[in-house]
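The residues of the chain are indexed from 1 along the displayed sequence. Just the heavy atoms: all of them, side chains too, but no hydrogens, waters or symmetry mates, feed the values below.
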Amino acid sequence: MSGFPNISSKRLFPLIALAFALTSAGADSSPAYNYLNIPSSAHIYGLGGINISTVDDDINAVDQNPALLGPEFESQIGLNYMHYIAGSNFAGARFGTAAGEHGAWSIGIQYYGYGEMDRTDVSGNITGAFSPKDVAFSGIYSHDITDRLRGGISLKFLYNAYGDYSAMALATDLGLNYYDPESDLSLSAVIANLGGQIKRFDNHYDRLPVDLRLGWTKSFGSFPVRFSVTAWNLTKWHLPYYETGDGTSNDNLKLKDSFGSNLFRHLIFAADFVPSDKFHIGIGYNYKTRTDMSTYSRSFLSGFSIGAGLRVSSFSVGVALSQPHTGATTFMFNLSTNLSELL
């Protein structure tokens with residue numbers, strides 16, 4: 001982004017990096033396109049932010065894995081909203097429906113706004129304001145391979161606008177899901193964010209956060225709790241971070257790159273209490289989010305998230321909360337309905 005002559009790099013770089021880093025569900029240190037790791041489902045956000053194997057009837061959740069979409073999503077529409085720190089607000093909508101007996105398609109749009117920032121010249125003089133934003137348009141198609149195995153593909157068009165500069169990219173996700181309803185076992189695999197930029201901001205090429213993800217979700221007997229483990233960032237093993245102790249001195253920085261640290265920074269754990277098809281409450285733990293926030297301002301709740309959903313008549317409502325940092329309590333809200341039930 002070295003070609004932003006009308007915006008002081010002293011002000012722009014930290015603000016943009018912070019906005020992406022804090023809104024990326026603990027994604028890797030590269031800031032570009034990390035908003036793709038932010039879920040649009042309150043159910044998923046409550047389960048740790050990334051979950052590719054939870055079989056749900058919420059159309060908002062299919063962006064996690066295109067193979068989670070199916071003919072059962074007949075004429076369903078979903079709306080989502082998320083408030084993050086400061087002036088950051090995200091919102092989107094998705095529609096999905098069946099394509100024959102064994103297929104389904106969906107279209108959606110997600111908007112990521114990071115509030116208003118000062119526009120400055122190269123000398124640091126404020127010349128106005130600008131509002132950086134990202135927009136993702138997506139289409140999904142899925143098909144039943146067998147009665148238990150489903151495959152899906154999504155295509156995403158990404159538009160980014162920061163002041164007078166913009167960029168565009170194309171990305172695709174490939175997903176598989178195996179679901180055995182008798183044992184309530186779900187296994188998934190996703191290759192996420194394959195693609196690249198088709199228009200750069202200037203001379204700098206930003207890579208998409210390509211990722212390999214595996215997921216396992218299962219309940220046991222009549223106990224109404226589904227457990228999930230999601231493995232992500234599997235394209236690389238080493239995910240080191242710095243532990244800052246109590247945060248009172250930069251001299252206490254310690255590099256953490258042990259086997260155990262790397263292992264758990266690849267894993268997200270979740271439990272979902274589902275006593276009926278009309279209500280659920282879930283909790284997730286994302287160790288990478290917690291360790292990414294390893295400063296004196298990290299709270300006990302960093303890395304944890306909680307969400308709940310309720311179906312009333314033809315509408316499903318979902319909410320989720322998380323506090324990755326003491327100065328950032330996040331909130332997500334979902335609403336979905338089946339249009340055919342309203343007509």
Quiz item: Between Arg94 and Ser40, is a side-chain hydrogen bond (donor to acceptor under 3.5 Å, both in side chains) present by the stated rule, with each step listed?
Solution: CA-CA 10 Å; Arg94 178 167 294 281; Ser40 58; 5.5 Å; no
Quiz item: Where does the angle between the aromatic ring planes of Tyr33 and Tyr35 fall among parallel (under 30°), tilted (30 to 60°) and perpendicular (over 60°)?
Solution: tilted
Quiz item: CG/Leu301 to OG1/Thr329 distance, rounded to the nearest 0.5 angstrom?
Solution: 8.5 Å
Exercise. Using a 4.5 Å cut-off on heavy atoms from C-beta on, say whether the side chain of His43 contacts that of Tyr45.
Key: no
Quiz prompt | Taking every non-hydrogen atom, the tightest pair across Pro209 and Asn34 | solution = CB-OD1, 4.0 Å
Self-check item: Under 3.5 Å donor-acceptor, Ser302 side chain and Arg290 backbone
Solution: no
Quiz prompt | Side-chain donor or acceptor of Asn65 paired with backbone N/O of Ile52 under 3.5 Å | solution = yes
Exercise. Examine distances only and state if a side-chain atom of Gln76 and a backbone atom of Asp57 form a donor-acceptor pair shorter than 3.5 Å.
Key: yes
Quiz item: Do His280 and Asp272 have a side chain donor and acceptor closer than 3.5 Å?
Solution: no
Quiz item: Would you say the side-chain atoms of Ser138 pair up with the backbone N or O of Lys156, donor to acceptor, closer than 3.5 Å?
Solution: no
Self-check item: Pairwise side-chain contact, Arg148 with Tyr179, heavy-atom cut-off 4.5 Å (strictly under)
Solution: no
Self-check item: Near-ring test Tyr285/Phe304, centroid separation under 6.0 angstrom
Solution: yes
Quiz prompt | Beyond-backbone contact of Gln197 with Asp206, side-chain heavy atoms, under 4.5 angstrom | solution = yes
Quiz item: Are Phe227 and Val274 co-members of a hydrophobic cluster defined by side-chain heavy atoms under 4.5 Å apart?
Solution: no
Practice problem: Share the residues that join Phe157 in a hydrophobic cluster, the rule being Ile, Leu, Val, Met, Phe, Trp or Tyr side chains under 4.5 Å apart at the heavy-atom level. | Solution: Ile109, Tyr111, Val135, Phe137, Tyr159, Met168, Leu170, Ile198
Practice problem: Evaluate the side-chain proximity of Phe201 to Tyr205: yes if any heavy-atom separation is below 4.5 Å, no if none is. | Solution: no
Practice problem: Measure from the side-chain N and O atoms of Asn286 to the backbone N and O of Gly48, and report whether any donor-acceptor pair falls under 3.5 Å. | Solution: yes
Self-check item: Partners passing ring pair (Phe, Tyr, Trp, His ring centres under 6.0 Å) against Phe259 (at least two apart in sequence or in another chain)
Solution: Trp237
Self-check item: Close side-chain approach of Leu176 and Ser188, heavy atoms under 4.5 Å
Solution: no
Self-check item: Distance in Å, Ile140 CD1 paired with Ser106 OG, rounded so as to fall on 0.5 Å steps
Solution: 5.0 Å
Exercise. Please answer whether the main-chain N or O of Tyr162 pairs with a side-chain N or O of Lys133 as donor and acceptor at a distance below 3.5 Å.
Key: no
Quiz item: Can you tell me how far CG of Asp63 sits from CG of Leu36, rounded to the nearest 0.5 angstrom?
Solution: 10.0 Å
Self-check item: Any side-chain donor near an acceptor of the partner, Asn262 and Lys256, under 3.5 Å
Solution: no
Quiz prompt | Ring center gap for Phe95 and Trp105 short of 6.0 angstrom | solution = yes
Quiz prompt | For the student: nearest non-hydrogen atoms of Asp173 and Ala192, plus distance | solution = OD1-CA, 3.3 Å
Exercise. Please confirm whether the backbone N or O of Asn233 pairs with a side-chain atom of His266, one donor and one acceptor, at under 3.5 Å?
Key: yes
Quiz prompt | Single-linkage hydrophobic cluster Ile44~Phe279, side-chain heavy atoms < 4.5 angstrom | solution = no
Quiz item: Which atom pair, heavy atoms only, marks the closest approach of Gly103 to Pro71?
Solution: O-CG, 3.5 Å
Exercise. Any chance you could measure Ser305, atom OG, to Met332, atom CE, to the nearest 0.5 Å?
Key: 10.5 Å
Self-check item: Heavy-atom pair of closest approach, residues Pro275 and Pro224
Solution: CA-CB, 4.1 Å
Quiz item: Are the side chain of Arg213 and the backbone of Val190 linked by a donor-acceptor contact shorter than 3.5 Å?
Solution: no
Practice problem: Please examine the side chains of Ser314 and Thr337, heavy atoms only from C-beta on, and report whether any two atoms are closer than 4.5 Å. | Solution: yes
Practice problem: Not counting sequence neighbours, which residues clear side-chain contact (heavy atoms from CB on, under 4.5 Å) with Thr217? List them please. | Solution: Asn51, Ser53, Thr54, Ser186, Arg226, Ser228
Practice problem: Show your reasoning for whether side-chain hydrogen bond (donor to acceptor under 3.5 Å, both in side chains) applies to Glu116 and Ser131. | Solution: CA-CA 5 Å; Glu116 190 174 272; Ser131 299; 4.6 Å; no
Exercise. Examine distances only and state if a side-chain atom of Asn89 and a backbone atom of His83 form a donor-acceptor pair shorter than 3.5 Å.
Key: no
Quiz item: So how far is it from Thr146 OG1 to Arg150 CZ, rounded to the nearest 0.5 Å?
Solution: 10.0 Å
Exercise. Check step by step if side-chain hydrogen bond (donor to acceptor under 3.5 Å, both in side chains) holds for Asp184 and Ser219.
Key: CA-CA 6 Å; Asp184 197 23; Ser219 63; 2.6 Å; yes
Practice problem: Decide yes or no on side-chain hydrogen bond (donor to acceptor under 3.5 Å, both in side chains) for Tyr287 and Ser261, but give the supporting numbers first. | Solution: CA-CA 9 Å; Tyr287 181 72; Ser261 169; 4.7 Å; no
Quiz item: Between Leu69 and Ile59, is any pair of side-chain heavy atoms under 4.5 Å apart?
Solution: yes
Self-check item: Connected-component partners of Leu47 among ILVMFWY, side-chain separation under 4.5 Å
Solution: none
Practice problem: Answer with yes or no whether the side chains of Asp134 and Asn160 bring together a donor and an acceptor at under 3.5 Å. | Solution: yes
Exercise. Evaluate the side-chain proximity of Gln110 to Ile38: yes if any heavy-atom separation is below 4.5 Å, no if none is.
Key: no
Self-check item: Test of ring centre spacing under 6.0 Å for Phe90 and Tyr112
Solution: yes
Practice problem: Say whether, by atom type as modelled, one donor and one acceptor occur between the side chain of Asn334 and the main chain of Val317 under 3.5 angstrom. | Solution: no
Practice problem: State, to 0.1 Å, how close Trp232 and Lys288 come at their nearest heavy-atom pair, and which atoms those are. | Solution: CZ2-CD, 3.8 Å
Quiz prompt | With sequence neighbours excluded, residues passing side-chain contact (heavy atoms from CB on, under 4.5 Å) with Lys218 | solution = Ser183, Leu185, Trp216, Phe220
Self-check item: Contacts of Ile191 that satisfy side-chain contact (heavy atoms from CB on, under 4.5 Å) - sequence neighbours left out
Solution: Leu194, Leu212
Practice problem: With rounding to the nearest 0.5 Å, note down the distance linking OG in Ser316 to CG in Asp56. | Solution: 8.5 Å
